[in-house]
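Data block below; observations after.
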Amino acid sequence: MRWLIAFLGVAIIAAVAAVVLVVPIGESTPSSGSSPVASPSGSAAVPVPKSTEFTDPCGTFDTAMPSPYAVTGYWLIPTTDHCTWRRQFGAIHRVGGDTVIRIGWGLQARPLDSEGRILDSERNVDPRYEPCQENGVPCAAAAENDLKAANPGNRVSWTFVYRTDEAFGPGLFRCPEFERKITVGRTVFYRIVAPDDGSDDAGCENIRNRGRGYHVILIAGARDDSLTELLDLGDQFGVKVFPALPLAPRDPAQKTRASKKGTDTLTTLTRRIMQDYGDRFRDRASLGGFYQPFELQMRDMKYTGNAEDDHPTLKVYASQHEIVEQEMPGRPILVSPYLDARKRLPFSATPKQVARGFEALARTGVGIIAPQDSRGTGKVGLFWPDEREEKVDERLRPVVGETTNDTAYHGSTRDYYREMSVARDKMVEQGFNVQLWANVEAFEPSDQEFCAERAGTRGRTDKERLDRAVAMVGRYVSKVVSYMWSDFYTCGSPSLADEIARDWNRPIAVDAVRMGRDIQDGIEIRGYNMPMGSKVTITWEGQDQPRVVDVAGVNLTTPPPNLPVRMETAWIPFDWTQVPGDTWVRISVAAPDGRAAAEPLHVRIQL
């Protein structure tokens, strides 16, 4: 009987230990880091390539995935060389990418000269749109002539332009008598007319029957449709494609905000494009959703849907998002706002303020929020709570100076994603189908080692720093994506893509919890590439010598739902009673061949 009582006592202690967590100071209980809601673009559905190998005029391509890294999505700028697109998709898929997000273009209001030709920002005739003529008359002027011929009371109150490398179908037009496709060489122009009050008639009757003000939208497109080709590549390689929505015009007085005056016209253009997409792409499996390209800062913002003082850019978001839901239901919209944690700036935001901004964004109908970690621009740092008084990373000093992490920043990347994950869970409980992804920036704040002319003060980074960024966000998100493949992953020698292909299976630990098994105390570590044979080194201040423990089991427990693909767990036995209370512990994982994770976990016990 005494033996049975002793055994039960040990079992009870082990059970209690299993729910005592090891977390950084101030952090809540580790969650799945993802929404319980699945989406067509989420990690639950991994696309499958059509074949293992294929040949076309661009060469022979292998669709295998030999180097599946933790980052699974990338921004991409398609080029005029279609073979480059194919090589990019192949290279992205080889390192584990299953998602491509493409950059888009903006809708712009433009003045005309006395002949009806479109002017640029310098008030010169814009060479992009100058070739568009109908019977010798500039297209914008021809549209106005046709409207006035139908009813003398019609007038054009403003002209907008939009450029793209896409080609559209007849679903773009509501009234083919006044809206048309005009082909000039390799460029295809599309002429759209819509009432300037934001309405959009189903046919032509009102153009004749009512004298009204109209907006003319002139689109410079292409003969061959880039989106069709990108979706075909997505089908071939098993990649989801997120094309960009039209970018809203910017407020001339405050460039960081969308212009209220252009909202109605933007809504009309978005509706027309979505209707055309619905006709052509509704059943395409490779169409993952849509990217909202108007960038804004994550901070405390207001959006209720019916208040006069709702954030103007969020009003524009909601307008576009409503159209997408109507015309392409089930396809989520992805938005990627940036963070700014710099204390010295009046417009920076704390983690709590950013969380409130997340809630406002979710109310606009966005399905995926993938905040930029902002480490590449130096707006946020990668550090643990016990490193607040340490000097900032040397590569961040051009942005924040030679100071400490705590002086420079309101918080670290991990602090911001933790708060946003709490906000995400709150919004899901309220019925909003929203996911939290992470967009890790694949560059450094530098005026050296440029990857492209358009990079500005953004220089090359390395895989070690990228691994650290993944470690900081990986606990809280359901997917990790990165800005951007072209050109930050492909420049230099070796390129970042080459580094990943060579070192893709180095461990990345993102989380640790105290978890016993049977009667043994221990630690469960979540992360990537932690197979049997891996070793875990545990250190803390005042320790005689580091403890090195072999991984005793892999994936022994069912992980929380909707963690990023490829994330796994490793368990090690460890007696936590030997660690003094309130002590920070560093946990470093090394592969069987000795390669250690770039970033050790910093944790401490909380009873």
Side-chain angles (χ1 to χ4, degrees), residues 2-31 383-390 412 414 418 468 471-472 474-475 506-557 559-560 567-592 594-607:
R2 289 179 179 175
W3 174 86
L4 179 59
I5 293 173
F7 178 80
L8 288 173
V10 172
I12 291 169
I13 292 171
V16 171
V19 297
V20 175
L21 303 176
V22 181
V23 295
I25 185 170
E27 297 197 2
S28 58
T29 301
S31 66
F383 58 90
W384 298 91
D386 60 324
E387 296 177 322
R388 293 184 187 279
E389 299 307 319
E390 294 186 11
S412 72
R414 196 171 181 91
R418 179 183 70 246
R468 294 186 65 216
M472 287 290 183
R475 169 180 168 179
R506 181 183 293 269
I508 302 175
V510 306
D511 189 20
V513 297
R514 183 177 184 177
M515 181 176 291
R517 295 196 61 79
D518 298 325
I519 62 172
Q520 277 190 299
D521 200 357
I523 306 171
E524 181 179 89
I525 303 170
R526 294 178 193 152
Y528 304 88
N529 306 312
M530 303 180 297
M532 294 293 292
S534 301
K535 294 184 181 295
V536 179
T537 301
I538 307 169
T539 59
W540 63 87
E541 188 175 349
Q543 183 184 28
D544 291 336
Q545 60 182 5
R547 292 289 307 277
V548 180
V549 185
D550 291 332
V551 168
V554 175
N555 296 328
L556 299 178
T557 60
M567 191 174 284
E568 57 191 14
T569 63
W571 186 82
I572 61 169
F574 181 71
D575 178 9
W576 278 97
T577 62
Q578 63 188 299
V579 180
D582 203 36
T583 298
W584 283 98
V585 176
R586 296 194 178 197
I587 300 173
S588 180
V589 182
R595 288 174 300 147
E599 182 69 22
L601 297 171
H602 294 223
V603 299
R604 67 176 178 178
I605 193 168
Q606 289 184 335
L607 296 175

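No hydrogens, no waters, no symmetry mates; every other heavy atom, side chains included, goes into these values. Numbering of residues begins at 1 and proceeds along the displayed sequence.
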Checklist entry - Does any N or O in the side chain of Asp511 come within less than 3.5 Å of the main-chain N or O of Arg526, such that one atom is a donor and the other an acceptor? => result no

Next on the checklist: Testing the 3.5 Å rule here: is there a donor-acceptor pair between the side chains of Glu387 and Trp584?
Outcome noted: no

Item to check | Worked check of side-chain contact (heavy atoms from CB on, under 4.5 Å) between Tyr528 and Val510 | outcome: CA-CA 8 Å; Tyr528 304 88; Val510 306; 4.2 Å; yes

Please output the side-chain donor-acceptor pairs of residues 544-556 that fall under 3.5 Å, not counting sequence neighbours, one pair per line with the distance.
| residue | atom | partner | partner atom | Å |
| --- | --- | --- | --- | --- |
| Arg547 | NH1 | Gln578 | OE1 | 2.9 |
| Asp550 | OD1 | Lys535 | NZ | 2.5 |
| Asn555 | OD1 | Thr569 | N | 2.9 |

Checklist outcome for this item: Rounded to the nearest 0.5 Å, the CD1 atom of Ile587 sits from the CD1 atom of Ile572 at a distance of 6.5 Å

Checklist entry - Closest heavy-atom contact between Arg388 and Phe383? => result NH1-CE1, 4.0 Å

Next on the checklist: Main chain of Ile508, side chain of Glu599: is a donor-acceptor contact present, judged purely on distance under 3.5 Å?
Outcome noted: no

Next on the checklist: When you measure from the side chain of Arg506 to the backbone of Ala596, do you find a donor-acceptor pair of N or O atoms at a distance under 3.5 Å?
Outcome noted: yes

Item to check | Backbone of Ile538 reached by a side-chain donor or acceptor of Gln543 within 3.5 Å | outcome: yes

Next on the checklist: So which atom in Ala591 and which in Pro507 form the shortest heavy-atom distance, rounded to 0.1 Å?
Outcome noted: N-CG, 3.5 Å

Next on the checklist: Over 60° means perpendicular and under 30° means parallel, so tell me whether Phe574 and Trp540 are parallel, tilted or perpendicular.
Outcome noted: perpendicular

Checklist entry - Ignoring hydrogens and geometry, is there a side-chain-to-backbone donor-acceptor pair from Arg414 to Ala471 under 3.5 Å? => result yes

Item to check | Spatial distance of atom CZ (Arg418) from atom CE (Met472) [nearest 0.5 Å] | outcome: 11.5 Å

Checklist entry - If you round to the nearest 0.5 Å, how far is CG of Asp575 from CG of Asp521? => result 6.0 Å

Checklist entry - Is there a donor-acceptor contact under 3.5 Å from the side chain of Gln520 to the main chain of Arg517? => result no

Checklist outcome for this item: Here the gap from Met515 atom CE to Ile523 atom CD1, rounded to the nearest 0.5 Å, amounts to 11.5 Å

Item to check | Nearest heavy atoms of Met530 and Ile525, plus distance in Å | outcome: CE-O, 3.4 Å

Checklist entry - What closest approach, in Å, do Leu601 and Ala509 show between heavy atoms, and which atom pair accounts for it? => result CD2-O, 3.6 Å

